Amino acid sequence: MPKILLCVTGGIAAYKVIDLVSSMRKRGDEVRILMTESATRFVSPISFSSVGAFPVYTDAFDVNNGMILHTTLSLWGNILVVAPMTANTAAKIANGIADNLVTMAALAFKGPKIGVPSMNVRMYENPITVENLLKLSKSGWHILEPATGHLADGEYGKGRYPDNEQILFEIDRLLGPNDYKDVNVLVTAGPTREPIDPVRYITNRSSGKMGYEIAKAAKIRGANVILISGPAALSVPYGVERQNVQTAEEMRNAVLERMNWADIIIMAAAVADYKPSAVLNQKIKKRVDEMDIHLVKTKDILEEVSRIRKPNQFVVGFAAETENLLENARYKMESKKLDMIVANDVSHSNVGFDSSYNEVTILCGNNDVIHIERNKKSYIAQNILDIIKSHRVKLA
Ligand code: CTP
């Protein structure tokens, strides 16, 4: 888990960092919060300690901690984030000034550092600030570009604090292995919906979480990621390009259109195997006691992708089973000529559908069988990427 030194300086966006701390706590990050005196004028240290249950430090000369704060903390953390970073703090750090706990810790810290400048547009565009931020970038700081929009003082321009999602992404990216850099990964996720009439449809049980976690993990590890998603109540992982589709046919068209681009194709979607043979234009009325809906098979996207792929494209399928997990998965893998299949037993209620947890068995082309015990889908996603990497020569 990341050990984050989160330094808050005195900008109006300081209140947005409370939400960042709350997200960090939910993720299980370890955080130490360092505040400048001006930051404490915008947000009370109590707000930070209450939301995160993390220690908050404000005074470099606080003797009650029994340690020299800036040096001890700078050895403890494995990443340092200054959010928001005021023009004043940027100027101080860029020029080696260490006159408060934040600037002292920043100067002493040797690991990856992220600066999140947010300020008035005229302060941000002032050539002195521009030069200071450039100086920080040149010395290894990762300076996030502020967003453009309405600023706290009513002006419009560049200087807004970015989404906390982006900051969390940068933390994970900088601490991650970056081993998927420049690899193009296409992921399908979620269910498809096959309409019966204007208000009804047939679908599969699927939250889309597993596919979204894989897309997110690949992006964090440096990949370019396209996510083709059926209807799912999930937000797009930061930096991932999402294409929304509804039906199996739309998903097929989207995949066929994008697949040439991909080095790795991971088909985690729960595609409907059957659809109504005709879609009615008007709503079906409940005038009869019984009715039949005639279904026809949809096209198997995974089978088609695997059949027409280029030799260096790596194709991974999923198998959701309620019985004979390994036999069924092996059959799918061999009949669809896959490089790898991720099988999960969906008969257990504490993993799989809707759950943030999963337990999977991965069958690989070289006959390796790898079981991953019940764990968070984010963890399973990282493991799936590790296994793909070790089975794919180009990435090794
Ligand atoms: N799949 C697909 N197109 C379909 C149906 C499935 O691409 N029309 C893909 C899924 O994305 C998944 C894999 O095929 O990667 C396995 O899906 P699953 O429904 O478990 O198996 P099926 O091959 O459809 O077989 P069955 O329903 O008989 O278990």
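Every value quoted in this text rests on a predicted model; they were computed, and no experiment measured them. Whatever order the structure lists them in is the order used to number ligands and atoms, beginning at 1.
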(Q) The test is side-chain contact (heavy atoms from CB on, under 4.5 Å); show your working for N312 and D263 and say whether it passes. (A) CA-CA 7 Å; N312 59 350; D263 300 308; 5.5 Å; no

**Q.** Stepwise side chain to side chain donor-acceptor pair (under 3.5 Å) test for H371 and E359
**A.** CA-CA 8 Å; H371 184 73; E359 179 171 344; 3.0 Å; yes

Q.
Please evaluate residues K138 and E131 with respect to the criterion salt bridge (charged side-chain N to carboxylate O under 4.0 Å, His left out), reporting the C-alpha separation (whole Å), side-chain torsions for both, the decisive distance (0.1 Å), and the verdict.
A. CA-CA 10 Å; K138 281 188 186 153; E131 196 185 318; over 6 Å; no

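Nearest protein heavy-atom contact of atom 16 (C) of ligand 1 is F318 O, 2.7 Å. Scanning all protein heavy atoms for the shortest distance to atom 8 (N) of ligand 1 gives K299 O, 3.0 Å. Of the protein's non-hydrogen atoms, the one nearest atom 15 (O) of ligand 1 is M267 O, 2.7 Å. For atom 23 (O) of ligand 1, the closest non-hydrogen atom on the protein side is K336 NZ, 2.7 Å. Taking atom 11 (O) of ligand 1 as the reference point, the nearest protein heavy-atom neighbour is A269 O, 2.6 Å. The closest protein non-hydrogen atom to atom 3 (N) of ligand 1 is I301 N, 3.0 Å.
Relative ring orientation between Y238 and F169 is described as tilted, the plane-to-plane angle lying within the 30° to 60° band.
Remark: R122 CZ is loosely packed, at most 12 non-hydrogen atoms of other residues, nucleotides or ligands lying under 6.0 Å away. By the neighbour-count criterion of 12 heavy atoms within 6.0 Å, atom CD of E327 is densely surrounded, having more than that number from other residues, nucleotides or ligands.
Atoms of ligand 1 lying under 4.0 Å from at least one heavy atom of A320, given by number and element, are 20 (O). Distances below 4.0 Å separate heavy atoms of G317 from the following atoms of ligand 1: 15 (O). Close contacts between ligand 1 and T298 involve ligand atoms 8 (N) [criterion: under 4.0 Å to a heavy atom].
Taken from CG in N132 to CD1 in I93, the straight-line distance is 10.5 Å, to the nearest 0.5 Å.
Contacts between D273 and ligand 1, counted as non-hydrogen atom pairs separated by less than 4.0 Å, involve the side chain only. The side chain of K332, and not its backbone, has at least one atom closer than 4.0 Å to an atom of ligand 1 (non-hydrogen atoms only; side chain from C-beta on). Using a 4.0 Å cut-off between heavy atoms, L302 contacts ligand 1 through both its backbone and its side chain.
Heavy-atom separations between T188 and ligand 1 are all 4.0 Å or longer.
Cluster membership check: M267 shares its hydrophobic cluster with L363, using side-chain heavy-atom separations under 4.5 Å among Ile, Leu, Val, Met, Phe, Trp and Tyr.
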